[in-house]
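Here's the structure we're looking at; comments come further down.
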There are 2 protein chains.
Amino acid sequence: MLLQNPTKQAAVTTADKVFEQLQHAIVEGDIAAGSKISEPELAKHYKISRSTLREALNRLEKCHLIERKANIGSRVVACTIEGLLELYITREALEGMACRQAALNMTDEEIAHMQNMLTQHATDKALQEGVSYYQEEGDVDFHYKVILGSHNQQLINLICGQLYHLVRMYRCQFGMHSPRATRAFTEHSNIIQAISDRDGELAELLMRRHIAASRKNIENKIALQKAEQESQET
Amino acid sequence: MLLQNPTKQAAVTTADKVFEQLQHAIVEGDIAAGSKISEPELAKHYKISRSTLREALNRLEKCHLIERKANIGSRVVACTIEGLLELYITREALEGMACRQAALNMTDEEIAHMQNMLTQHATDKALQEGVSYYQEEGDVDFHYKVILGSHNQQLINLICGQLYHLVRMYRCQFGMHSPRATRAFTEHSNIIQAISDRDGELAELLMRRHIAASRKNIENKIALQKAEQESQET
DNA sequence: AATAGTAAAATTGTCGACAATTATACTTTA
DNA sequence: TAAAGTATAATTGTCGACAATTTTACTATT
């Protein structure tokens, strides 16, 4: 993952650095989803005081990667199917609106840059081979560009600063790299076209369909798995 | 304000209590928007240690009421017109989707309860007098019910747990109680009808129009003020 | 044997002190 | 006089210890 969250700011303090390490560990599943967090243990592991660790934990809570209860402690969030679907619903709402705003607020330069990026991806051999490159980095890259293009700080903070850490976590833990590469590419093209045409309404509609398609793709998979399980059980 | 944020949980720890007091003070403007926060000063004022205060500050940051920079300190967020409009855009996206989900997921009991609430407000003398009661409590109450009705924890947390503190802050600081009472009442009625009909698409559309109408109302006011200022300057 | 009660251990919350960084006031120099 | 540099003061970040609460292990009672 070379990709960087565009809202991320340099980690200067120790708490920042430990936060980043913990974030990575949670997203990648090195610290299990749903597991309890022991402050003394983690503090010892990272060789920092509990105060500093708690500062880092507060940041993890801010991007919804852990949950805290008073006098009880912290737990890594659980990755459930319901949670995943809820996340997609929320993304559909926020990124849809971001896309509409992008159509209104992006500069011509930004749009040109995004078009170039897509062309770049189109000629990329990885895409032609149907490999996951485009899905992973290219997809996230595209979505980031649109969100930033909204020029709406509120939307940018919510999506890039909070939601996307969870998105990455689900991607890692559920091992999601579905074979939608070429299809997603076409959808991205159409979205950029709508933005380029300054058609906010269409841009939002297309982005929402794009995300909803991913969600339905997952729902189908789940349904299939369920059916398989039940047939095995009998 | 008797109204309670439905996502709020009992404050057991000292940091919780100080957080609530600070939250109130910031929302009401007792601590000025945009002002710098002095940790030693506040800690002394509330008679707590700096550690405990910092815990409270972290929670304020979580609901976007303050912003922190490493080694520099915290500032109360500034209330700008751009920020207000961005907030409305975000609300439109999130609450619109919440309303769609409410149409799909609310139980019949919940819907009936919400209808009763609206009838209650209709017969309320305060509404008939066109007083601000309906707008303040009734409006927020209605929106909360819809959001909770989405049964989507992600949406509920984002809107009730984060956005609405900022909304309240803007309402207080900009002194917003525009005379849209009866109109808003009609709009609420139509939204409930759509939810009752389980028409998610219409419900979302109406909620978005409802919020957009408020936003445009503000934009008009701003434009008017600007025009007045300019005419005075000449 | 199962449950309730109690004591011990562990965990979280809070505190005050010190270290590192930033802001301020003053002096020096061109 | 203005600008740059330096020393001082103030603020934020980090630490280890203690207090309050929760969990665990054990004992006593029915």
Side-chain angles (χ1 to χ4, degrees), chain A residues 7-26 30-78 161, chain B residues 7-26 30-78 161:
Chain A
T7 60
K8 187 186 136 187
Q9 51 197 9
V12 303
T13 181
T14 6
D16 282 329
K17 291 165 195 162
V18 174
F19 159 67
E20 286 183 2
Q21 295 184 62
L22 282 171
Q23 189 183 45
H24 188 272
I26 290 176
D30 298 334
I31 300 177
S35 65
K36 181 160 187 341
I37 284 178
S38 162
E39 292 185 5
E41 185 187 318
L42 273 187
K44 198 166 66 180
H45 180 268
Y46 288 100
K47 286 160 188 161
I48 55 176
S49 75
R50 258 186 63 232
S51 315
T52 308
L53 176 75
R54 280 163 70 85
E55 184 70 36
L57 291 183
N58 269 316
R59 272 165 237 191
L60 289 173
E61 198 184 3
K62 256 176 251 166
C63 50
H64 301 164
L65 289 179
I66 70 170
E67 286 166 350
R68 292 177 80 181
K69 282 182 188 171
N71 286 317
I72 304 282
S74 312
R75 298 198 86 88
V76 179
V77 292
Chain B
T7 61
K8 189 185 133 187
Q9 49 197 11
V12 302
T13 181
T14 339
D16 282 329
K17 291 167 195 161
V18 173
F19 160 67
E20 286 183 2
Q21 296 183 61
L22 282 171
Q23 188 182 46
H24 188 271
I26 290 176
D30 298 334
I31 300 178
S35 66
K36 181 160 184 344
I37 285 179
S38 162
E39 292 185 4
E41 185 187 319
L42 273 186
K44 198 166 66 180
H45 181 267
Y46 288 100
K47 286 160 188 160
I48 56 175
S49 76
R50 259 185 62 231
S51 315
T52 308
L53 177 73
R54 281 163 69 84
E55 184 68 37
L57 291 183
N58 269 315
R59 271 165 236 190
L60 289 173
E61 198 184 1
K62 256 175 249 166
C63 51
H64 301 163
L65 290 178
I66 70 170
E67 287 166 351
R68 292 177 81 182
K69 283 182 188 172
N71 287 317
I72 304 282
S74 312
R75 298 198 86 88
V76 179
V77 293

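Chain naming here is simple, since letters A, B, ... match the order of the sequence lines and numbering starts at 1 in each.
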How long is the line joining [atom1] of [X] and [atom2] of [N], in whole Å?
X       : N      : atom1 : atom2 : answer
B:Arg68 : D:dT12 : CZ    : P     : 9 Å
A:Lys17 : D:dG13 : NZ    : P     : 13 Å
B:Lys44 : D:dT11 : NZ    : C1'   : 14 Å
A:Ile72 : C:dT11 : CD1   : C1'   : 10 Å
A:Glu41 : C:dT12 : CD    : P     : 10 Å
B:Glu39 : C:dT22 : CD    : C1'   : 13 Å
B:Lys69 : C:dA20 : NZ    : C1'   : 20 Å
B:Arg75 : C:dT22 : CZ    : P     : 16 Å

Quiz item: How many angstroms lie between atom NE2 of A:His45 and atom CG of A:Leu53, to the nearest 0.5 angstrom?
Solution: 11.5 Å

Quiz item: Distance check: side-chain N/O of B:Thr13 vs OP1/OP2 of C:dG13, anything under 4.0 Å?
Solution: no

Practice problem: For D:dT12, take OP1 and OP2 only and decide whether either is under 4.0 Å from a side-chain N or O of B:Lys36. | Solution: yes

Quiz item: Of all heavy-atom pairs between A:His64 and A:Val77, which one has the smallest distance, and what is that distance?
Solution: O-CG1, 3.2 Å

Quiz item: Looking only at heavy atoms, which two atoms of A:Glu20 and A:Ala11 are closest? And how far apart?
Solution: OE2-CB, 3.4 Å

Quiz prompt | Most 5' of A:Asn71 and B:Pro40 on DNA chain D, judged by nearest nucleotide | solution = B:Pro40

Practice problem: Specify the residues of residues 47-57 of chain A, ordered by number, for which at least one heavy atom lies under 4.0 angstrom from an atom of DNA chain C. | Solution: A:Arg50, A:Arg54

Quiz prompt | Close side-chain approach of B:Arg54 to A:Glu55, heavy-atom, < 4.5 Å | solution = yes

Quiz item: Is there a side-chain contact between B:Leu22 and B:Tyr46, using heavy atoms and a 4.5 Å cut-off?
Solution: yes

Self-check item: Donor-acceptor contact below 3.5 Å, side chain B:Arg68 vs main chain B:Ser74
Solution: no

Quiz item: Above 12 or not: heavy atoms from other molecules or residues under 6.0 Å from NZ of B:Lys44?
Solution: no

